[in-house]
Structures are given as C-alpha cells and as structure tokens.
Amino acid sequence: MDKNLLGTNIVTQIGIIVKDIEKASQAFADFFGVEKPKWNWTDGYDKSHAEFNGKPSDARAKLAFFDMGRL
C-alpha cells in the first residue's frame, strides 16, 4: 500500500474542535508564533440547510483560520 495516501505532502487544512475559541486561538497563535485570527460565525439554517437527525438545525459554529504561510 502507498504510504502517502493523500498524494501530496502539503497539508491544506486541519480542523480542531475546542470549547473556547478565544482562549484556544490565542494559545495556538502563541505556540506557532503567528497572528491570532478573528473568528467568524457559520451561516444559519436559512443558508446552510444544516440538519441533525434528519431535522433542520439552527446550530452554528465559530471558525478561526490561521495563516501559516508557505513551506
């Protein structure tokens, strides 16, 4: 079996779920030595059409994207 299942050595995105986006984003920014990003809300059901257990869901999430530069 091929050891490189993705077909590339470039990581484009990693998702991490945290309880407190403010604390976590500051901790990651400090650890990686990059600027702390602003976070954004995902869209509500009217745009996302998200469902949970087959029913419409108003669940939303806060997302923060770090600019890690190029390798």
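A continuous path of hydrophobic side-chain contacts links F28 to M68 [ILVMFWY only; heavy atoms under 4.5 Å].
We find the NZ-OG distance between K62 and S25 to be 10.0 Å, quoted to the nearest 0.5 Å. Q26 contributes atom CD, which lies 11.0 Å from atom CG of D20 (distance to the nearest 0.5 angstrom). One finds the CD1 atom of I16 at 11.0 Å from the CD1 atom of I21 (value rounded to the nearest 0.5 Å).
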Give the intermediate values and the outcome of side-chain contact (heavy atoms from CB on, under 4.5 Å) for residues F32 and F66. CA-CA 10 Å; F32 288 114; F66 289 83; 5.8 Å; no

Passes side-chain contact (heavy atoms from CB on, under 4.5 Å), Y45 versus R60? Steps please. CA-CA 8 Å; Y45 180 78; R60 296 176 70 194; over 6 Å; no

Test side-chain contact (heavy atoms from CB on, under 4.5 Å) on V34 and D67; report intermediate values, then the result. CA-CA 8 Å; V34 296; D67 183 356; over 6 Å; no

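Relative ring orientation between W39 and W41 is described as perpendicular, the plane-to-plane angle rising above 60° on a 0-90° scale split at 30° and 60°.
In this structure a side-chain-to-backbone donor-acceptor pair under 3.5 Å is missing from S57 to A50.
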